[in-house]
Structures are given as structure tokens and as C-alpha cells.
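Per chain, numbering begins at 1; letters A, B, ... match sequence-line order. Below, all heavy atoms of this structure are taken into account, side chains as well, without hydrogens, waters or symmetry copies.
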Protein chains: 2
Amino acid sequence: MGPPSRSRGGEKMISSIAELIADRIGTMPASERRAAQTLIASYPMIGLKTVAEFSAAAGVSSPTILRFVARLGFQNYPEFQSSLQDELAAQLQSPAIRTLNPPSPGGGTASPMLEATLDNMRETFRHLSDKQLADIAARLADRRGKTFLIGGRFTDPLARYMAAHLAIIQPDVFHLAGQESMWRDRLIDMGKRDVLVIFDIRRYQDSLLRFAEKAHQRGVQIVLFTDQWLSPIARFARHVIAGRTAVPSAWDSSAALFVVAETLIGAVTRQLEAEGAKRIREMEGLR
Amino acid sequence: MGPPSRSRGGEKMISSIAELIADRIGTMPASERRAAQTLIASYPMIGLKTVAEFSAAAGVSSPTILRFVARLGFQNYPEFQSSLQDELAAQLQSPAIRTLNPPSPGGGTASPMLEATLDNMRETFRHLSDKQLADIAARLADRRGKTFLIGGRFTDPLARYMAAHLAIIQPDVFHLAGQESMWRDRLIDMGKRDVLVIFDIRRYQDSLLRFAEKAHQRGVQIVLFTDQWLSPIARFARHVIAGRTAVPSAWDSSAALFVVAETLIGAVTRQLEAEGAKRIREMEGLR
DNA sequence: GGAGCGCTGTATCGTATGTTACGTATTTTG
DNA sequence: CAAAATACGTAACATACGATACAGCGCTCC
């Protein structure tokens, strides 16, 4: 149906392919969604390469990539690439109104660490559509299922942080801690209506991958927080959040993912306002 | 003759294909120069299209385009295109000319949550001098004493996050978890040379205050991460980091404190470079 | 002014790339 | 639970693309 002709009269205003994808990613089959996520993660560069490279990066076959671009409304792959190029050209020409973030006025501290972190956040959110966030929030707010959270060596605190908040506004929120063998046993509690939130940035942990695969096989919906190179778990994830992690430090930064987590916490809370408020009041009463 | 390998030792520093062209355009024949000029005119978009389109735009033949890219030192046309793409990708990542997601029409931003968070960070760092950060980092890097970390209900994950990193680059780093009675017993291990890092934002927890007071009495140096209203623990703290927490959400944001923590982790790591690097290598070896 | 050299375009070739058809696996529906 | 529909990948296919050989032309230098 919808051709890529943008900005039609009564329709939604779509001004970039990224938005187009965000708009239709919900209607896509699993493999095409992986293609979409891969493209968004390193937008738009992967789309400028060959179909073979694109498909390899996404871990799907070439025809899937072609079906993906077809679903976006393009007649063929070259037409899709041209569109991406036009978009890029427009971006490069734009006057680059960079009034934001004053370049350290009055000889400010100019901490490169802070600057990099701020950029990471903007970049992370640039690749993250409001719709995608809303979808994930809706999923997390769905009270018919349970919510499990787990993280890797350095990211497990993020899982804890998120769990600490979510557990207050709704029941059935569990943070998976401790040994790998401990999580395993929890698998038996997980089913199709449940959500598993995984934090995994490189160096990606095999234990998490194994766990994610098993959960996926049980039909659990996986929400993955990872870095821009995408943990292999992305293969099993229903939703992928790719945060930027590069900072001038010996370590990678999880700050962008942290902010996304906070944003989601806020969105879920708003969604559960009615029940949530009551719950919170009750809890306060129990102090 | 010069290959496209950039930034060679004794040679001129060439960091982009545009510079490479400017450098060699003088040695080119007429037709190739037209190709060069055409590319520069709409840099780099034309170079991403096919040879045929490029040649048509420049008004020369296809072989001339190929000779042109060959003269720049590329083996073939695809290699030339890849180089352009890499350059573009780097430009898009760098904070140079980034157009934000939707150009925030009418000042209304897409994600007020993100904007508030970014503001919090700038504001937090504005009130935080480099010297203060350096002092704290030096204290944490001092290997004569032990480091303990603890947090409140929502901030304990931050303590964990920091502990996870610090524990790798130096020994004697302990995260205090579990019940209050558990920490108590650790007090006996703490002395004047030790550091206690506490995370406490409102609503401030009495248990933490009591613990901080006792530690203070034993001469422990306290580093306090709190919000702008300052936890009562500030009274006993040697160093206080006041992060902004206000966001349009039902919850307060700990993101600014998180970034300060990451900054400190980076600073401590740099300080312990020598020992740290060795430790990290050893640990990698133990895998 | 003639011979040699370099620059450029035309025409042809091989191949990498996008495309399509089809069979299997998976999910959905009655 | 059966049957239909959808999704996905393998493999064969056609084309369009980059690469190359070659001939014509202009220019320079004896």
C-alpha cells in the first residue's frame, strides 16, 4: 500500500526513512524487523552497502533485505539507496544549526568525558523513535505477564536499577541475580506473555546469549539493551535498543543506556498511572 | 603513486579524500580534473553513485572516472566508494554537523525527558570543579586504604556499577550489600585510610545516615553522591557531589550522578594506569 | 612540418549484484 | 488438531556495473 511518497495530504508526515521504518516496524515479520533494527543501529550507512553486506550484518538472507525495502514501499534496492543518499545529502547541506550545547562559554570546564557522554545520548535517542519507546513501554506495562531483568558484568546494575523502579509500580517484576544456574531455574516460570529485559554490551557474555536463546525458545519477549554493535542476542530480541558507548576512557560508557532506562521507567509509570499511584500510596502506608 | 593510506609518517597528513584531491588535482589531466571538480562540488554524494552517473555529471567518459580514482591511489571503484562511506560515517558520528532528530519545530522538543537529563548533567558539572574531581579520584586511587561503596534503595545499583569497575583495577574494593546488620559488621574493618562512597538521594534513608555517622566517627573518609538538596550525610562527608535530579517524570533521575561516577572511574583508571593495566591483563589471563 | 607521446572516448568483456522462483519450515486459523 | 497461509532461505538467473583493450585525436618537441 503506502508508497514512499512522503508528506501526503491527510496522512502522517514522514520525513525520513528512519521514521518510515519506525512507523511500519510493527507490521513486519521477525527477520525483516531484524533488518530494520540493524539499519537503524548504524543508520544509514549499512543501507548504502550491497544487499549481501546488509544481509550479513543483519544475519538474514538477501531476499529478506529485498522484501524489507519492498515493504517500505520502494520498487527496488537501488531506489531505496538513492532515497537514503538524498536524505544524507539534505542533512549535509543543512546549515548545521548547532546553537545547542554552547561550546563551553566563558572558558568552561570542557570535560571531554562529559561532552562525549552528552553526544552519546543525543545520538542514541536520534536512533530511537518515540514509537519504539512507546511500544516497549506498553509491553512492559502489560500486566498480564511477568517482567524479568538481567544484565552482564557491568550492566547488571542497570537491570537492578530498572527493576527497583518497576517493581514498585507493578507486581511480578523480578531481577535475576546470582549464578547462571539460578536463572536457568527461573526459565520454567517464563512464557509467551512475559518480558525479559537483557542488558548486554561488549564484550558480550556467552552465558547471557545462552539464556536469551532458551528464553526465546519459550516464547518470551526479549527487550535488549546493547551497544551500537549489537550483541548477538539481538537475533532473539523483539526490541533492540542500541546505545552509544564510546567515551575517552579505558571503559565503555553505559550512561546512554541508563538514560533510556530512566525514560522507559517514566513512560511505564505514566501508563500505569491509575494502578501505580494506588500501589505507591499503599506501599507508603506500609512503611 | 601515493596509496590512499592516510597519515603516513613523514608525509603530509591527509585526513580526507577531499584533501587528497586538492593535493593532487594539479597533476591531473583536464578531464580528470573535471571529474575532481564535480566531486568536490557536491562532495561526497556523487562519488557514492555509479560510475556512469558520475561520468555523466562530470561530462566525461566512464574510463576517465576510473582513471581518476586510480590516480588517487585506489585499486578500484568500490574501494574508493567504501573510503567515502567510512569518511561519511565518521562525520555523522562526530559532533561536527549533527542535525538532531526532528529539528524541534517551534522549540518543542521530541523528548523532554532527554533534554532535562542533558541539562541536569551540564548543570551538575558546572558546579563540579575539575580539581574536586581530581581530588576524589586521587583519594580513590590511593592504594594504602580500602574502598567501600554503598547506596540507597534506588541508588545502590550505582554503587554496584562503580564497584564493579574499581574492583578490577585495584584490590580491596567492597560493595556493601544486603541487610543493614551486614554492613555494621564491616565497620570494624574500616579506618582512617579507607574511603566510603555513599549514594543517597531523597528520600534519604535513615539507615544510611546512621551508618555514615558511625563510619565518620572511625575516621573513614566519606565521598557522598547526593542530590542538589544534599542528604544529611553531607554533614559527615569529606567530598560531596550534588547532582541534579529533576526530570519530567514521577521519579527523580540519577543519570547525572551516573555520569559523574563514570567520569571518576575513568579518572581513577588513568591514575592507576601502570598497576591497573597489569591487573587487567592478569585478569584476562585467568578467563 | 613530421614524428612521437599522452589524453580521451568507444566498444567489448567478465563478473558481482540485485532479482526471482521454489521448496521447506513455521505460524495462524477454522 | 488439521489445513491453509505466511515467512524464510537456497539456488538459479539476468542485468547492470566496473574494468579493459584499442583506436582516434591533439599536443608537444625535435
Side-chain angles (χ1 to χ4, degrees), chain A residues 1 4 21 24-39 44-85 191-193 213-222 234-238, chain B residues 1 4 17 24-39 44-85:
Chain A
M1 29 194 84
I21 292 171
R24 303 196 181 173
I25 197 171
T27 73
M28 294 181 189
S31 285
E32 294 183 30
R33 192 156 44 222
R34 280 172 57 195
Q37 288 164 344
T38 307
L39 175 58
M45 299 317 296
I46 255 294
L48 299 178
K49 302 193 184 294
T50 67
V51 172
E53 287 178 276
F54 191 167
S55 66
V60 300
S61 66
S62 302
T64 297
I65 299 298
L66 297 174
R67 282 188 284 261
F68 164 66
V69 304
R71 193 180 298 266
L72 292 179
F74 297 96
Q75 293 300 324
N76 48 35
Y77 194 72
E79 184 182 305
F80 162 73
Q81 288 189 315
S82 292
S83 231
L84 276 181
Q85 286 185 12
K192 290 187 182 176
R193 344 195 80 165
E213 182 168 14
K214 293 207 183 72
H216 175 69
Q217 283 166 1
R218 295 186 62 88
V220 177
Q221 309 250 359
I222 295 182
R235 183 186 179 78
F236 309 115
R238 179 72 176 247
Chain B
M1 21 200 72
I17 294 180
R24 303 194 182 175
I25 197 172
T27 72
M28 295 180 188
S31 288
E32 294 183 29
R33 195 172 311 158
R34 286 180 62 188
Q37 286 163 346
T38 307
L39 175 57
M45 299 315 296
I46 262 288
L48 298 177
K49 300 190 184 295
T50 67
V51 173
E53 287 179 275
F54 193 167
S55 67
V60 299
S61 67
S62 301
T64 298
I65 299 298
L66 296 176
R67 281 188 285 262
F68 163 67
V69 303
R71 191 181 300 265
L72 291 179
F74 296 97
Q75 292 300 322
N76 48 34
Y77 195 72
E79 183 182 304
F80 162 73
Q81 287 190 316
S82 290
S83 234
L84 277 181
Q85 285 187 12

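Taking both residues in full, the closest heavy atoms of A:Q85 and B:L48 are given as NE2-O, 3.4 Å, listed atom of the first, atom of the second, then distance. Nearest approach of A:P44 to A:L84, heavy atoms of both residues: CB-CD2, 3.8 Å. Between A:A35 and A:A58, the closest heavy-atom pair is CA-CB, 4.0 Å. B:I46 and B:A57 get closest at one heavy-atom pair: CD1-CB, 3.7 Å.
Taking A:S31 as the reference, A:V60, A:T64 meet the side-chain contact (heavy atoms from CB on, under 4.5 Å) condition, with sequence neighbours excluded. The side-chain hydrogen bond (donor to acceptor under 3.5 Å, both in side chains) check on A:R238 picks up A:Q221, with sequence neighbours excluded. Taking A:L66 as the reference, A:V51, A:Y77 meet the side-chain contact (heavy atoms from CB on, under 4.5 Å) condition, with sequence neighbours excluded. Remark: A:A36 engages A:I21, A:I25, A:M28, A:F68 in a side-chain contact (heavy atoms from CB on, under 4.5 Å) (not counting sequence neighbours). Not counting sequence neighbours, the partners of A:E53 by the side-chain contact (heavy atoms from CB on, under 4.5 Å) test are A:K49, A:T50.
Here OG1 of A:T38 is found 11.0 Å from CZ of A:R235. Values are rounded to the nearest 0.5 Å. Separation of atoms CZ (A:F54) and OG (A:S62) is listed at 11.0 Å; rounding is to 0.5 Å.
Remark on the helix from C:dG1-D:dC30 to C:dG30-D:dC1: inter-end axis angle 30°, axes from five-pair C1' superpositions, rounded to 10°.
When DNA chain C is scanned in the 5' to 3' direction for atoms under 4.0 Å from non-hydrogen atoms of chain B, the outermost contacting nucleotides are C:dC7 to C:dT10.
Residue pairs satisfying the salt bridge (charged side-chain N to carboxylate O under 4.0 Å, His left out) criterion with at least one member in residues 27-38 of chain A, sequence neighbours excluded, are listed as follows: A:E32-A:R71. Listed by first then second residue, pairs satisfying salt bridge (charged side-chain N to carboxylate O under 4.0 Å, His left out) with a partner in residues 213-222 of chain A number zero, not counting sequence neighbours.
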Atom pairs under 3.5 Å, N or O on each side, protein against nucleotides 17-21 of chain D: can you list them with distances?
unit_1 : atom_1 : unit_2 : atom_2 : d
D:dG18 : OP1    : B:V51  : N      : 3.1
D:dG18 : OP2    : B:V51  : N      : 2.8
D:dA19 : OP1    : B:Y77  : N      : 3.1
D:dA19 : OP2    : B:Y77  : N      : 3.2

Atom pairs under 3.5 Å, N or O on each side, protein against nucleotides 12-15 of chain D: can you list them with distances?
none

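Contacts between residues 26-34 of chain B and DNA chain C, counted as heavy-atom distances below 4.0 Å, involve B:P29, B:A30, B:S31.
The closest donor-acceptor contact from the side chain of B:S83 to the backbone of B:F80 lies at 3.5 Å or more, if one exists at all.
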